[in-house]
Structure formats: structure tokens, C-alpha cells
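One structure is given here, and the rest of the page talks about it.
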2 protein chains.
Amino acid sequence: MSQHRHPGAPGRAGAVPALPDLPEATVARLPEYLRALHNLAETGHETVSSEGLASAAGVNSAKLRKDLSHLGSYGTRGVGYDVGLLIDQIEYVLGLTQRRAVALVGVGNLGHALAGYDGFVSRGFRIAALFDADTARVGEEINGLVVRHIDELPRVAAAEAIAIGVIATPASAAQAVADQLVAVGVTSILNFAPCVLSVPEGVDLRKVDLAIELQILSFHEHRKASLTALPATGGSALTALPGGLAVTDPQEAIGT
Amino acid sequence: MSQHRHPGAPGRAGAVPALPDLPEATVARLPEYLRALHNLAETGHETVSSEGLASAAGVNSAKLRKDLSHLGSYGTRGVGYDVGLLIDQIEYVLGLTQRRAVALVGVGNLGHALAGYDGFVSRGFRIAALFDADTARVGEEINGLVVRHIDELPRVAAAEAIAIGVIATPASAAQAVADQLVAVGVTSILNFAPCVLSVPEGVDLRKVDLAIELQILSFHEHRKASLTALPATGGSALTALPGGLAVTDPQEAIGT
DNA sequence: TTGTGTGAAATATTTCACAGCC
DNA sequence: GGCTGTGAAATATTTCACACAA
């Protein structure tokens, strides 16, 4: 691509957004770059190389450059990237120039913590409403917000222009809540309940399952243990393991 | 592969683990299958087809079959999978046959919620210890566990055989905590702090960043808004968008 | 000379489609 | 007849390596 093309300049200088459809893997990394850039900006850096930003974000520099190249050319060859400019660009692409309103449904153990989580507010969002189905919890105030009954969702959603719904209910309630969110026009949902939700075409759904993360780590623990368990089988302990030798996690070595 | 090969039967009938090194994408889905299988078992199903399990887990059946084929052949052609057998097999591969001990560091807002999260306990883990650096929080009891000072980590880790460390501290403390966990022999870490951690080779690190999930959703909101914003540009509104037409999120349509 | 931007190569993952077994 | 297991094709993602701009 010739010359500098800045698709959708943040300053809206008459140009057009034309959000390029980024690879999903790239989208998932942009927030990480953004955080690293904010750190750099706070420590007085005005410029950063792909190498520098990549290591701050925990990726390799080739990947970073490829990712950023999808946004257009915001670097200067021989110099690096302008930190401020890149922050603006990424925030623009991620749609963070407007502070989206988030509705959190389910104010139990986890929901309570999410309601008080600074990161949402400090990173571009506004928790606009809290809901729960349990009347015992309705009325409680968390972080300056009053918990409302879920039946008030339609009214509140219209008033607050809710853009994103976060579900932190028990799994048994999650699908019903998702349906209600969809019904009031919410098109992005983040689900913390450990279950599969189905939503209509056009609604984006992401999920965070805390236990799954631990189970993935458990797999790798198991794997590491099963490898080190056979210290010397003659070399290729990594391949097939013909037969014999019952080794079911002797007791993973911890500490000295 | 000829006949039924059951690499590493759970019942340890003298056979060998021989954990096949599964594709990472497959590993990440196994916990989801496991949850779906438990649901099926509870509702009395003894057998399930790839189609049925796939839809319960929110994936397509081809992917499911490919994933399961990496574990060996546990299905019966023309019939489906034996629910109980598959549960055993997946639990075995994920290393859930032993209840791994988890240490949670950082008992603030989020950590507090994690300490009380049922899902960890119900899905194969044991929260063995809670730590914090803030002496004001040390001694507090959460869910039957007393919060200890982080300096006690070495002693406790040795006593409890901690396998996995969960970091729920502020970002500023996270790297130091990670270092301490690594120092006492922990080789798997789940990080909730919004920062990049570096750990030595051989230590597995996963990360959950709640704000990042919202930012990814925000991107898609932005994208949807920018597409629907040009209702009829003559057909190919999806391609480049030559120039002109300043469209910076008019106001995303919410509600009716 | 430095360091971005990017084609092209290498990997990883998903999907297709069907042979083979129950 | 139904459904798994799996090669082969299609996509997606990562990495390489270098032309070229500043």
C-alpha cells in the first residue's frame, strides 16, 4: 500500500472510519498493546519501537508489527511508533472513544467483585446499572450504584443506552438473563456463568470461565509430571511409550 | 490407527499415561466438554452422539470428533460416546483425578470473590491457602480459610503441596508475587492482574483480564455500528469506503 | 543505519466428506 | 442406517527475512 493511509483518523478530520476487519487474533491483542502504551506514556516515552512495545505487551515484534499494519501505517521507519498517536488509533478502532454503558446482572459473590472492579471504569467503560433477581439483594448499594430488580431491565436499558451486558448469575439463570438482554437490544454479552449460551445472529458473546482456566493449567501440570516421571527411559521419553511402567503422577515435586 | 487404543486408561490397569500432546486449542475445549458431559450424566444420559455433545458444548460436531480422536477412540460407531467413560478419560487427561491445591494471592475485591467461588472446588480443585501482603487483611477468615501473610508462602507451600498459584493482586505487586510463587516451586500460574508477567521456562502462565474482554466486545460494537451506519451506499458498503461521509458512531440503536 | 511494513513460508486450526464399523 | 474416526482441503495465524523509507 502506497504512502501513509490512516483509515479512520481519530480526530475525525472528515475522513471515514472504514474499520478494516481485523483478524480476530489481532483484535484480542490490541487491548494488551493499549495497556502497554499507556504505561509507556505515563513513564514519559513519546516513541517506542516494535521491539520495545512487543516486549512490554508480551508478544514478539513480528506479530506486533503485523497486527499494527492492519490498522494502517502509524510507525516511522528507522524511528518507531508515536506513543500518543498509536493510543488514539487503537482506542478509536476498539471503539473506546465513547464510554460504553455496561449492565451487570447477578450481584452474588463474583458479581459483587465485578461491580467494584476499577479496571472496567479505568479502561473505558461505565457501569450503568446492577441487576439481580433476588429481592433480598435489590436495593443494596454497591460502589454508589443501587441494585435493581431484573424486571426493571427494559426501563433502565432504554434510559441508560446499555451497550454491553455482563452476566454473573448462576448457570441456571444465565440463559434467561441473556434472552432478556437480547430482548432489550443489547448486542454484546460477556458471560461469567459456567454454561453455554445461545444468542441470535448478530449478538456477540464472549465467555470467561474461571474453572476452565485452572483445568487448562492442570493439564499442563499433569503433562509436566508425566514427562519428568520417567527420568531416563533411554532417550526418547517423549515418544509413544510402548507399554509397561505404571506412572500416574508419583507426586509432583514441589519446592526443594 | 488400528483397533481401540486407550492410551492411559484412567483405571490404571497397568497401562501407561502416555499423554498425547494435544493441540492447545483442543486442550482449551476439553473442560467445556467435561462440563457438558457432567450435565448429561446428571440428566440420566448414558450415551451421547458427537452431535449431541457438540451442541451441549457449543461447538460443531466435526471439531468435537477431531478433538476427541486425539485422546484415542472412545466412541462406538453407530452409537456414540459412553458418557461415563468419556468423563473418566477427560478427567484423567486433564489431571483432575488428583485434587490439586491452589494458592490464591491477593484478597482484595476480586480475590475475595475468587476465594469464595464454588466453581474451583466443584470442578476439581482445593483452595489450600490465601495470602495477602496487607497486614490489615491477614487473619481475616474467608470461606473457612484464614488469610496469611505472603511471607509465609514458603512454609505453607511446602506443607500443602501447592500446584497452582492464582494472582489477584494489583498489577504493581503481581511480578513480585509471581517470582515468589516460582521460587517455592509453583509451575502453573493464573494471573488476574492486568499486566504482563515474566516467568522462567517451564512455568505455565495463563491470564484473565476482565477489561480486555470488554474491550474486545467494544470493538465488535463499534464495528457493527459503523456498518449499520451506512444503510445504503449503493451495495458494497463492506468494501473500502472511498472517502467522504464522516460517520463516527451516530448513536448506536438500542431498544426498540 | 535503524526499524517499519509486508510478501512469502511455515504452522496451527477448522471444516469437509466419506470409508468403515456397529 | 447411523455415527465415529480421519485423511485431505480450506482457513487462520504466526514467523521469517528483507526491501525500503526516514
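Every heavy atom of this structure was used, including side-chain atoms; hydrogens, water molecules and symmetry mates were not. Below, chains carry the letters A, B, ... as their sequence lines are ordered, and counting in each starts from 1.
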Taking [atom1] from [X] and [atom2] from [N], how many angstroms apart are they, rounded to a whole number?
| X | N | atom1 | atom2 | result |
| --- | --- | --- | --- | --- |
| H70(B) | dT4(D) | NE2 | P | 17 Å |
| L64(A) | dG3(C) | CG | P | 14 Å |
| R77(B) | dC18(C) | CZ | P | 16 Å |
| L86(A) | dT4(C) | CG | P | 11 Å |
| L53(A) | dG3(C) | CG | P | 14 Å |

### Task
Take G78(B) and V79(A), find for each the nucleotide of DNA chain D with the closest heavy atom, and name the residue whose nucleotide sits nearer the 5' end.
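Residue closer to the 5' terminus by nearest nucleotide: G78(B).
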### Task
Assess whether atom CD of E24(B) is packed by more than 12 heavy atoms of other residues, nucleotides or ligands within 6.0 Å.
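Buried by this count: over 12 neighbours within 6.0 Å.
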### Task
Could you verify whether a donor N or O on one side chain and an acceptor N or O on the other, from D82(A) and Y74(A), lie under 3.5 Å apart?
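Distance-only check fails for D82(A) and Y74(A).
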#### Entry: Side-chain donor-acceptor contact under 3.5 Å, T97(A) with E91(A)
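T97(A) vs E91(A): no donor-acceptor pair found between side chains.
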### Task
Indicate whether OP1 or OP2 belonging to dT4(D) is found under 4.0 Å from a side-chain N or O atom of T76(B).
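No, outside the criterion.
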### Message
Is the phosphate of dG5(D) approached by Y81(B) (side-chain N or O, under 4.0 Å from OP1 or OP2)?
### Response
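Yes, Y81(B) has a side-chain N/O under 4.0 Å of OP1/OP2 on dG5(D).
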### Message
Each nucleotide in nucleotides 11-16 of chain D should get exactly one letter: B, S or -. Can you fill that in based on protein heavy atoms under 4.0 Å?
### Response
--SSB-
### Message
Quick one: does any side-chain atom of K224(A) pair with a main-chain N or O of F219(A) as donor and acceptor, under 3.5 Å?
### Response
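No, the answer is negative, given that no donor and acceptor are paired below the 3.5 Å cut-off.
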### Task
Keeping the roles fixed (side chain from T76(B), backbone from V79(B)), state whether a donor-acceptor pair exists under 3.5 Å.
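Judged by distance alone, no pair lies under 3.5 Å.
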### Query
Any Lys/Arg nitrogen of R223(B) or D204(A) sitting under 4.0 Å from an Asp/Glu carboxylate oxygen of the other?
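Looking at R223(B) and D204(A), the cut-off is not met.
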### Salt-bridge contact E32(B)-K207(A) (side-chain N to carboxylate O under 4.0 Å)
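Counted as a salt bridge, because a side-chain N and a carboxylate O are separated by less than 4.0 Å.
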#### Entry: Intermediate values then yes/no, side chain to side chain contact (heavy atoms under 4.5 Å, CB included), S198(A) and Q175(A)
CA-CA 7 Å; S198(A) 79; Q175(A) 182 63 57; 4.0 Å; yes
### Query
Looking at residues 30-44 of chain B, who's got a heavy atom less than 4.0 Å off DNA chain C?
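By residue number: none to list.
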### Message
The test is side chain to side chain contact (heavy atoms under 4.5 Å, CB included); show your working for V102(A) and F120(A) and say whether it passes.
### Response
CA-CA 9 Å; V102(A) 173; F120(A) 289 158; 5.8 Å; no
